[in-house]
Each structure stands twice: as C-alpha cells, then as structure tokens.
There are 2 protein chains.
Amino acid sequence: MKEAQAVLSNPRSQADEVRALQDTIYVIGGKWRLPIINSICNGNRRFRDIERSIPGITTRMLSRELKEMELNGLVKRVEDPNSPMKVEYMSTEYCKSFGDIILEMIRWGKEHRRKIMKSRQK
Amino acid sequence: MKEAQAVLSNPRSQADEVRALQDTIYVIGGKWRLPIINSICNGNRRFRDIERSIPGITTRMLSRELKEMELNGLVKRVEDPNSPMKVEYMSTEYCKSFGDIILEMIRWGKEHRRKIMKSRQK
DNA sequence: CGGTATCCTGCTGGATACTG
DNA sequence: CAGTATCCAGCAGGATACCG
C-alpha cells in the first residue's frame, strides 16, 4: 500500500494532530471570535466600527468577547485618559497568529459561494 | 498612509471577506465537524475507528454528525449488503476541500502547545 | 459492530432597555 | 460613543441505557 504510506502518518503523530486541532477549535470556538480578530487585524479599533463590520453581532456579544479576549492577551484595550469615551482595541502578536487560519477560511468561504452560485445557474 | 494602503483592502472586499469567513464558520461550526473530517481524511472508515480516533466524542454525537454530513455530501456511507454490520464512511471531494483549513489549525495548535510548554519551563 | 433512544444541563447567543 | 443589565430560548452536547 504505497499510497496509504504516503497519505497516512503514524498513529502517534495522528493523535498529536487531533489534539492540536481540538485545542485550536477550543480557543477560537464560537461564532464571533474569528470575525472579531479579523476585524481588528483589518484595522478597526473602535467598538462601533468593529460592531458595524461584523454582520449580525450584538453589542452584548461583542462586549463579552472583547473582555475575554483582553484577558487572554488577544487584544489590548487602550482608554484615552482625557476622554473615557475614546477607547481603542489593538491587535497583538497573539491575535495575528490566527491570520493564516482566517485566510484559509475566507478562501474556502469564497470558493464555496462561487460553487453555490454556479450550481444555481444550471 | 502607505502602510495602511498595503494592509487594508477596500471596504467592499472586506465585507465580502467577513461574509465568507462567517459562512465557513457556519459550515464547520461545532466541536466535532473538523475532527471527524480530519479522521476520515486520515483513512479511518469504520464507525468505531473514527470514534476512537477522536478523544472525548460520544457515539451519539458522532452518529448525529455523520448523518448530517452524509446529507450535506461531506461523506459517503457505504453499507456492505452481505453484513449490515460492516459500514464504511468515505471522504468526498467536498470533504477534502477542508484540508488546508485543518492543516492550518493543526499547525496553530502545535505551535500554541509549544509556547505553553516553553512558558511553563521558565 | 454500528448505532438509537431518553433525559437533562449549561452555555451560547438573541432582544431589548438603559447608562455615563 | 462605549458599553451594562436583564431576561430568555434553543440547542449543542454530555450521560446512560438499550438494540439488532
């Protein structure tokens, strides 16, 4: 089974991979984590800007996620001492480490939509 | 703002990207989809093999996901007419299209674990 | 082996209103 | 603008038992 040899890795490394996959899913779990990370990495810094950039999100969810993301070092919250109404959320290196995953997912989503469109035209 | 120019895309394409991202999240949502896809793409075909390859999953969740994945064309369920106890799940092209996403997530998970280990050693 | 059937809990997330 | 506070529903998911 030459093909199997090439495709399959040994059981041990496979177990590592499932675990790694599950870890990642855990960290970015939920509907909103990745879209928020994406938005901030795209340059949005203000609460309302982030909110507006993500269709369907509510202030409550955004608030909650941002708070937890700050705790986890995913974003930095910077409050202007002069006017507490001016807050900025900055992305961190940790935040940026999800870039490739997000890119792949965007790519997949676009491809997916293209295929749906095509099959509709028939 | 040359740097911003390079980093940021225009609003219209950004909106497309969020949408694509959200579509993808919707399709692979939940704890189990990707691990199951991964397992099957790794060559596991039998129910119990898939189950054993994914830590923490229950027969109920696996059963449910497989059923829905079959409906969505993510896997093909092949039943041996001679012995109904011999069933095989086969991956499809659609299933394989998640390969890159899974790869990136495994990569991230491994890197993440390495960093956790490192910071513990200090 | 390859699943179903029940029962149950909690958390994710939505709606809405309110605040400094 | 930048959030909090409440209230509430639904369903993802866990535990356990059972079946052909």
Side-chain angles (χ1 to χ4, degrees), chain A residues 18-19 21-40 43-72 74-91, chain B residues 18-19 21-40 43-72 74-91:
Chain A
V18 199
R19 207 179 42 170
L21 181 56
Q22 287 183 302
D23 286 351
T24 307
I25 291 170
Y26 178 78
V27 174
I28 63 181
K31 275 170 79 172
W32 305 117
R33 260 316 142 77
L34 287 182
I36 293 172
I37 291 173
N38 181 242
S39 174
I40 294 179
N44 292 305
R45 301 167 164 228
R46 313 297 302 274
F47 190 91
R48 292 294 172 196
D49 289 339
I50 300 170
E51 191 179 1
R52 269 189 289 268
S53 74
I54 304 171
I57 200 169
T58 59
T59 61
R60 181 172 162 276
M61 290 312 296
L62 179 55
S63 169
R64 229 163 73 171
E65 291 289 324
L66 281 174
K67 225 181 262 174
E68 215 196 309
M69 289 168 72
E70 202 197 347
L71 281 176
N72 299 345
L74 271 166
V75 295
K76 246 198 309 221
R77 184 180 181 280
V78 182
E79 196 171 314
D80 186 334
N82 301 326
S83 77
M85 292 302 104
K86 212 172 171 188
V87 175
E88 294 202 338
Y89 290 93
M90 324 274 291
S91 74
Chain B
V18 199
R19 207 180 43 168
L21 181 56
Q22 287 183 302
D23 286 350
T24 307
I25 292 171
Y26 178 78
V27 175
I28 63 182
K31 275 169 80 173
W32 305 117
R33 257 321 140 77
L34 288 182
I36 293 171
I37 291 173
N38 181 242
S39 174
I40 293 179
N44 292 305
R45 300 167 164 228
R46 313 298 301 272
F47 190 91
R48 293 294 173 197
D49 288 339
I50 300 169
E51 191 179 4
R52 268 190 290 269
S53 75
I54 304 172
I57 200 169
T58 59
T59 61
R60 181 173 163 276
M61 288 314 295
L62 180 54
S63 169
R64 228 163 72 171
E65 291 290 322
L66 281 175
K67 224 180 262 172
E68 215 196 309
M69 288 168 72
E70 202 198 346
L71 280 177
N72 299 346
L74 271 166
V75 295
K76 247 199 308 221
R77 184 180 181 279
V78 182
E79 195 171 315
D80 185 334
N82 300 325
S83 75
M85 292 300 104
K86 213 171 168 186
V87 175
E88 293 201 340
Y89 290 92
M90 324 274 292
S91 74

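In what follows, every chain begins at residue 1, and chains take the letters A, B, ... in the order their sequences are listed.
- Without hydrogens or angle criteria, B:S53 side chain to B:I50 main chain gives a donor-acceptor distance under 3.5 Å.
- Looking at B:K67 and B:E70, no side-chain N of the basic residue comes within less than 4.0 Å of a carboxylate O on the acidic one, giving no salt bridge.
- Looking at residues two or more places apart in sequence or on another chain, you find a side-chain contact (heavy atoms from CB on, under 4.5 Å) between A:S91 and A:I40, A:C41, A:C95, A:K96.
- Contacts with DNA chain D (heavy atom under 4.0 Å) in residues 25-37 of chain A: none are found.
- Residues passing the salt bridge (charged side-chain N to carboxylate O under 4.0 Å, His left out) test with B:R19, sequence neighbours excluded: B:D16.
- A search for salt bridge (charged side-chain N to carboxylate O under 4.0 Å, His left out) contacts involving B:R60 returns nothing, not counting sequence neighbours.
- Evaluation of the side-chain contact (heavy atoms from CB on, under 4.5 Å) rule for B:D80 yields B:N82, B:S83, B:K86 as partners, not counting sequence neighbours.
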Stepwise, does the side-chain contact (heavy atoms from CB on, under 4.5 Å) test hold for B:F47 with B:L66? CA-CA 9 Å; B:F47 190 91; B:L66 281 175; 3.8 Å; yes
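- With a cutoff of under 4.0 Å to any heavy atom of chain B, the contacted region of DNA chain D is bounded 5' to 3' by D:dA12 to D:dG20.
- The side chain of B:R77 has C:dG3 as its nearest neighbour among C:dC1, C:dT4, C:dG3.
- In this structure B:P55 satisfies the side-chain contact (heavy atoms from CB on, under 4.5 Å) test together with A:V18, A:Q22, sequence neighbours excluded.
- Within the model, atoms CD1 of B:I57 and CZ of B:R52 stand 13.5 Å from one another, a figure rounded to the nearest 0.5 Å.
- In this view, B:M90 and B:R45, B:K76, B:V78, B:E88 satisfy the side-chain contact (heavy atoms from CB on, under 4.5 Å) rule, not counting sequence neighbours.
- With sequence neighbours left out, the salt bridge (charged side-chain N to carboxylate O under 4.0 Å, His left out) criterion links A:E68 to A:R33.
- Taking atom CZ on A:F47 and atom P on C:dT19, their separation rounds to 18 Å, with Å as the unit.
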Where do A:Y89 and A:V87 land on the side-chain contact (heavy atoms from CB on, under 4.5 Å) test, with the steps shown first? CA-CA 7 Å; A:Y89 290 93; A:V87 175; 3.9 Å; yes
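- Two end axes, each from the C1' atoms of five base pairs, can be drawn for the helix from C:dC1-D:dG20 to C:dG20-D:dC1; they diverge by 50°, to 10 degrees.
- With sequence neighbours left out, the salt bridge (charged side-chain N to carboxylate O under 4.0 Å, His left out) criterion links A:R77 to A:E79.
- Near DNA chain C, defined here as any heavy-atom distance below 4.0 Å, the residues from residues 52-66 of chain B are B:R52, B:T59, B:R60, B:S63, listed numerically.
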